[in-house]
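Below, chain A is the first sequence line, B the second, and so on; all start at residue 1.
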Amino acid sequence: MPELPEVEVVRAGLEPAVTGALITSVDVRDARALTRHSGTPEHFETELTGRRIVAAVRRGKFLWMPLAADAADPSTPDEAIVTHLGMSGQMLLRVPGAPPERHERIRLEVEHPEHGPLSVVFADQRTFGSLAIDALLATPDRAAGGRGSALPVVPTQVAHIGRDPLDPAFDAAAFRRRLARTSSGIKRVLLDQTAASGIGNIYADESLWAARIHPETAASTLPTRAVNRLLAEVQAVLEKALAEGGTSFDAQYVNVNGQAGYFAHSLNAYGRTGQPCPRCGRPIVRVSFMNRSSHFCPRCQRVR
DNA sequence: GGAATAACCTGGATGC
DNA sequence: TGCATCCAGGTTATTC
């Protein structure tokens, strides 16, 4: 499932292909891919045609492509195409005229000043992902909105999302304060994108395993040392997954060229129910949690 | 206002 | 072989 590393791989793949590109046409093939867009599919198509993309930016699991207010001046974006991949969304780069992808929802035809014409395809099996045109707002801390652009702006739909742990402007002290005042289990807080973004079920399980913390430990009971260890493990897990191209279990996550990542081979807890813990040998257990699953080692990760 | 839960959705896996 | 059911999970609206 696309979490921070997977979305970052997609962003990095899109960046050289779309930065500076002019959108020449838009084809919305399935309106369900516009659930975050306030207008009609026709509005989406006509509003984007003729606009110039100035960057590919990411915060957490959100990806956006800022659009120049004036096609001749890329320094002043006022809106962006906001993308969330949901559970199965893909952003693919194809040559113009390429046959439709399975589950293709939206196709943008762009003209890049150096690379020429290109198709940017949004495909999504489970239709939890979506695209939208959204206004850009100034960031409250005046830091860059996300990775991929130095501009201190963020789409309105992303403004409520906290910075991710790999963001240079991530406020670790604020994250510690957030944990200190909530009685919820630590995994629930990790999945709350307003506390810290980019962490989903896979990397929450992996980070908690690495930090030896039980997922249901009340966040407020964690000592500062444990929170610092957890943050360090979150960052390490995300960095390692990013270096390995993300986690792919099936065809649900691929990069812009349709290739899978390798981090699934490095998982220690997630999806390893019944297999020995790599640290102590005790079988990894799976429990139901928030309509999904938690995987942990009952010996290494004990409830405090 | 904080916390917990349900709903949305599709296709592969599993069981009968 | 075919059908029914379960399961995966990110976000958000709703409920408590």
Side-chain angles (χ1 to χ4, degrees), chain A residues 1-8 10 29-38 58-64 82-91 100-106 122-132 134 154-162 164 174 177-208 215-221 238 241 246-254 260-261 263-264 267 269-274 284-296:
Chain A
M1 310 304 161
E3 301 181 29
L4 185 156
E6 293 77 32
V7 181
E8 176 56 26
V10 171
R29 302 182 178 204
D30 190 333
R32 290 178 299 175
L34 292 178
T35 52
R36 294 173 187 277
H37 183 63
S38 57
R58 179 198 56 76
R59 176 187 291 193
K61 304 169 195 171
F62 280 88
L63 177 69
W64 66 91
V82 180
T83 304
H84 196 291
L85 300 179
M87 289 179 61
S88 55
Q90 302 172 343
M91 292 293 277
E101 297 292 325
R102 196 180 183 196
H103 309 304
E104 180 169 329
R105 310 296 181 192
I106 294 174
F122 176 68
D124 187 14
Q125 179 199 100
R126 298 179 192 172
T127 68
F128 277 23
S130 65
L131 271 60
D134 197 16
V154 65
T156 58
Q157 295 186 21
V158 187
H160 70 291
I161 297 297
D164 62 67
R177 289 195 296 274
R178 173 69 176 268
L179 263 57
R181 65 172 187 266
T182 179
S183 58
S184 296
I186 183 61
K187 181 170 176 181
R188 187 181 290 274
V189 183
L190 285 179
L191 295 178
D192 182 346
Q193 303 297 297
T194 65
S197 63
I199 305 165
N201 206 39
I202 297 172
Y203 298 117
D205 280 357
E206 289 301 303
S207 301
L208 290 166
E216 291 173 22
T217 305
S220 58
T221 67
L238 293 177
T247 304
S248 300
F249 295 110
D250 48 30
Q252 294 312 312
Y253 160 70
V254 293
F263 191 70
L267 294 173
Y270 182 85
R272 300 190 68 251
T273 309
I284 297 291
V285 300
R286 169 188 171 275
V287 298
S288 292
F289 169 80
M290 289 174 69
N291 286 334
R292 55 208 67 188
S293 300
S294 270
H295 307 79
F296 61 95

Would A/Lys187 and A/Asp205 pass as an ion pair if we require N to O under 4.0 Å? yes
What integer distance in Å separates [X]:[atom1] from [N]:[atom2]?
{"X": "A/Asp124", "N": "C/dG10", "atom1": "CG", "atom2": "P", "answer": "13 Å"}
{"X": "A/Asp192", "N": "B/dA3", "atom1": "CG", "atom2": "C1'", "answer": "10 Å"}
{"X": "A/Arg59", "N": "C/dT11", "atom1": "CZ", "atom2": "P", "answer": "14 Å"}
{"X": "A/Arg105", "N": "B/dC8", "atom1": "CZ", "atom2": "P", "answer": "17 Å"}
{"X": "A/Gln193", "N": "C/dT11", "atom1": "CD", "atom2": "P", "answer": "4 Å"}
{"X": "A/Asp30", "N": "B/dC9", "atom1": "CG", "atom2": "P", "answer": "11 Å"}
{"X": "A/Arg126", "N": "B/dA7", "atom1": "CZ", "atom2": "P", "answer": "19 Å"}
{"X": "A/Phe289", "N": "C/dC7", "atom1": "CZ", "atom2": "C1'", "answer": "17 Å"}

Side chain of [X] only, heavy atoms from C-beta on: which candidate in [options] is closest?
{"X": "A/Arg102", "options": "B/dT5, B/dG12, C/dG10", "value": "B/dG12"}
{"X": "A/Leu191", "options": "B/dA3, C/dA8, C/dG10", "value": "C/dG10"}
{"X": "A/Arg286", "options": "C/dT11, C/dC7, B/dA4", "value": "C/dC7"}
{"X": "A/Gln125", "options": "C/dT12, B/dT10, B/dA3", "value": "B/dT10"}
{"X": "A/His103", "options": "B/dT10, C/dG10, C/dA8", "value": "B/dT10"}

Within the pair A/Ser184 and B/dA4, is there a side-chain N or O less than 4.0 Å away from OP1 or OP2? yes
Presence of A/Thr182 side-chain N/O under 4.0 Å of B/dA3 phosphate oxygens OP1/OP2: yes
No-H, no-angle donor-acceptor pair, A/Arg188 side chain to B/dA3 base, under 3.5 Å: no
Under 3.5 Å donor-acceptor pair, A/Arg292 side-chain atoms to C/dG10 base atoms: yes
Heavy atoms only: give me the nearest A/Gly129-A/Asp124 pair and the separation to one decimal. N-OD2, 2.8 Å
Closest-nucleotide mapping onto DNA chain C: is A/Arg36 or A/Ser293 further toward the 5' terminus? I mean the 5' end. A/Ser293
NA contact type, A/Arg32, heavy-atom cut-off 4.0 Å: base, sugar-phosphate, or nothing? sugar-phosphate
Give A/Thr35 one of three labels, base, sugar-phosphate or nothing, depending on what nucleic acid heavy atoms sit under 4.0 Å from its own. nothing
Would you check if the side chain of [X] reaches a backbone N or O of [Y] as a donor-acceptor pair within less than 3.5 Å?
{"X": "A/Arg58", "Y": "A/Gly60", "result": "yes"}
{"X": "A/Arg105", "Y": "A/Gln125", "result": "yes"}
{"X": "A/Gln90", "Y": "A/Ser88", "result": "no"}

